[in-house]
Amino acid sequence: MADSKIQGSSGNSHIGAIVGWGTLTLATLGFIWLVVGQLAQGGAGREDEALEFVQKYKTPEMAYNLKDQTIEIGNAARANGAFIGVFDWERTYTDEGAIYMVTLTWKDNNKTRKAIWKVDVDAKTIEPSNADAKEFMQPVAVAPG
């Protein structure tokens, strides 16, 4: 009668080896899946860090950081009989490592304006991506509008 165990030519069972190698294979595949998932994610999940970095950004020429600049620009416009306000901040992950696009949208009298900055949260760099972003970074004396 045939034995139900898997046996080698010496009569020893190979079930322990099969289970061991199977477990090792599954663990290896799980590890690879985890590493690939982390690499694909890159700098994702750091939207708040990117936004805070942009809002606190200040060049030597600026009297205020960008967040406070919104208040000063609005006040300067009101002092001149104009309206600049309704500021809205957004941030978007770009799938390029730790690169985000941070957008500031606001009303300038009857038109909507949008400043966009490219932010690398790892390198701690900010690059204005359009004319409104460059203009928004100017001292309040030459404020947009």
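Here the structure is a predicted model, which is why all the values come from computation and not from measurement. The residues of the chain are indexed from 1 along the displayed sequence.
Here A123 pairs with D120, T125 under the side-chain contact (heavy atoms from CB on, under 4.5 Å) rule; sequence neighbours left out. Taking the side-chain contact (heavy atoms from CB on, under 4.5 Å) definition, one finds that T92 meets it with nothing, sequence neighbours left out. Not counting sequence neighbours, the partners of N65 by the side-chain contact (heavy atoms from CB on, under 4.5 Å) test are K58, K67, D68. The side-chain contact (heavy atoms from CB on, under 4.5 Å) search around E72 returns Y64, N75, V140, not counting sequence neighbours. In terms of the salt bridge (Lys or Arg N to Asp or Glu O under 4.0 Å) criterion, K111 has no residue partners (sequence neighbours excluded). Taking the salt bridge (Lys or Arg N to Asp or Glu O under 4.0 Å) definition, one finds that E52 meets it with K56, sequence neighbours left out. D48 meets the side chain to side chain donor-acceptor pair (under 3.5 Å) test with R91; sequence neighbours excluded. Among residues two or more places apart in sequence or in another chain, the side chain to side chain donor-acceptor pair (under 3.5 Å) test is passed with T25 by none. A search for salt bridge (Lys or Arg N to Asp or Glu O under 4.0 Å) contacts involving K134 returns nothing, not counting sequence neighbours.
Using a 4.5 Å cut-off between side-chain heavy atoms of Ile, Leu, Val, Met, Phe, Trp and Tyr, with links allowed through other members, Y93 and W117 fall into the same hydrophobic cluster.
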Problem set entry | V54 vs W89, side chain to side chain contact (heavy atoms under 4.5 Å, CB included): CA-CA, chis, key distance, verdict | CA-CA 10 Å; V54 170; W89 294 93; 3.8 Å; yes
For this session: Evaluate side chain to side chain contact (heavy atoms under 4.5 Å, CB included) for L66 paired with M137, printing each intermediate quantity in order.
Result: CA-CA 7 Å; L66 288 175; M137 295 170 77; 3.9 Å; yes
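By the 30° and 60° cut-offs, the orientation of the rings of F136 relative to W106 is tilted.
F87 contributes atom CZ, which lies 12.5 Å from atom NZ of K107 (distance to the nearest 0.5 angstrom). Note that CZ of R113 and CG of L104 are 10.5 Å apart. Values are rounded to the nearest 0.5 Å. Atoms CZ and CZ, from F83 and R78 in turn, are 7.0 Å apart once rounded to the nearest 0.5 Å.
The hydrophobic cluster containing L24, built from Ile/Leu/Val/Met/Phe/Trp/Tyr side-chain heavy atoms closer than 4.5 Å, also comprises W21.
For N109 (side chain) and I84 (main-chain N/O), no donor-acceptor pair under 3.5 Å exists by modelled atom type. T103 places no side-chain N or O within 3.5 Å of a backbone atom of I116 that could act as its donor or acceptor partner. In this structure a side-chain-to-backbone donor-acceptor pair under 3.5 Å is present from Q69 to Q138.
Geometric assessment of K124 against the ring of F53 yields a positive cation-pi assignment under the 6.0 Å and 45° thresholds.
Screening V119, L51, V121 against R46 for a side chain to side chain contact (heavy atoms under 4.5 Å, CB included) leaves a single residue, V121.
Counting heavy atoms from C-beta outward, K118 and I126 have side chains that stay 4.5 Å or more apart.
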